[in-house]
Asks: 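I'd like to ask you about the structure that follows.
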Amino acid sequence: GKPVPRSRVPKDGRIYRGKGVYAVKHWETVNEQADKCRLVVQGNIRILPNGKIHLDRWHRKKGEFWAPVGSLAGLRLVVCMSAVQSLDLQSIDLDSGYLQTRNQEIGKNFLDLDSEFQGMMADDWQAAIEAAKRLDEKERGLKYGEGQCVFPVEGNMYGEAGAGQGFIVVFQNALIRCGWTRAKED
């Protein structure tokens, strides 16, 4: 979403710092090379609105996982049942599937982007950034040029602790809606 003044982050909000990661896919094959860029957050560190830094493990709720994975018992069950019934198995790559789901805590997660990232944005975003910074200065009584803005996060992010868990819940519910039944071992 568009930038908001840092002063408008709710007291239970979390601010993550983002880092750009750039790579060239298929570097070894010139005609297949492709640029790849993503924004990664250090999800185990949360910055609270008052500026305090907290480690994720201090605030994790029971049942929250850093990077949940399917159980091996569930995988063994599927493979065995397929073998018994002479069925073919297929696999899919879901390495970035969780980024396609919405963040489960809309309005609580924000991204603090470096000035270099902000400077690359289009003119309409530049105007919104400046407006948010000026409002932050006014609301926090700061000098001109000291205002800060953050960006609301609506989707899941690489590195954010709840991203994988949110995807798994959405994925499991979709399987159940398609008639699958959850194994007791999972």
Asks: With a 3.5 Å distance limit and no angle check, can you tell me whether E146 reaches the backbone of E137 through a side-chain donor-acceptor pair?
Replies: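 It does not hold such a pair.
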Asks: CE of M120 to OG of S115: how many Å apart, nearest 0.5 Å?
Replies: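 M120 atom CE to S115 atom OG measures 10.0 Å (nearest 0.5 Å).
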Asks: With a 4.5 Å cut-off on side-chain heavy atoms, are C149 and F110 touching?
Replies: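 No; the side chains remain at least 4.5 Å from each other.
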Asks: Donor-acceptor pair, distance only, cut-off 3.5 Å: does the side chain of Q118 make one with the backbone of Q126?
Replies: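 Flag not set: sc Q118 to bb Q126 has no pair under 3.5 Å.
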Asks: Looking only at non-hydrogen atoms, find the nearest pair between Q33 and W27 and report the distance.
Replies: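 Shortest heavy-atom separation between Q33 and W27 comes out as NE2-O, 2.8 Å.
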Asks: Restricting to non-hydrogen atoms, name the atom on L111 and the atom on R17 that form the minimum distance, rounded to 0.1 Å.
Replies: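 Nearest heavy atoms, L111 then R17: CD1-C, 4.2 Å.
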Asks: If you define the side chain from C-beta out and look only at heavy atoms, does anything of F151 sit under 4.5 Å from F117?
Replies: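 The answer is no, as the side chains (C-beta and beyond) never meet within the 4.5 Å cut-off.
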Asks: Check each of K133, R140, K138 against D136 using the side chain to side chain donor-acceptor pair (under 3.5 Å) test, and report the only one that passes.
Replies: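 Checked K133, R140, K138 against D136; only one passes side chain to side chain donor-acceptor pair (under 3.5 Å): R140.
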Asks: Do other residues, nucleotides or ligands put more than 12 heavy atoms under 6.0 Å from N31 CG?
Replies: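 Counting neighbours around CG of N31, more than 12 heavy atoms of other residues, nucleotides or ligands fall under 6.0 Å, so yes.
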Asks: Supply the atom-to-atom distance K25 NZ to D35 CG, rounded to the nearest 0.5 angstrom.
Replies: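 Separation between the atoms: 11.5 Å.
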Asks: Go through the steps for E130 and R134 under the test salt bridge (Lys or Arg N to Asp or Glu O under 4.0 Å), then give the verdict.
Replies: CA-CA 6 Å; E130 283 304 310; R134 298 299 80 82; 2.3 Å; yes
Asks: Taking a hydrophobic cluster as the set of Ile, Leu, Val, Met, Phe, Trp and Tyr residues connected by side-chain heavy atoms closer than 4.5 Å, whether directly or through intermediates, do I176 and M81 fall within one such cluster?
Replies: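 Looking at the clustering, M81 is in a separate group from I176.
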Asks: Does M121 belong to the same Ile/Leu/Val/Met/Phe/Trp/Tyr cluster as L135, with side-chain heavy atoms less than 4.5 Å apart forming each link?
Replies: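 No, it is not one cluster - the side chains of M121 and L135 are not joined through contacts under 4.5 Å.
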Asks: Taking side chain as C-beta onward, heavy atoms only, is D112 less than 4.5 Å from Q148?
Replies: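 D112 vs Q148: side chains apart.
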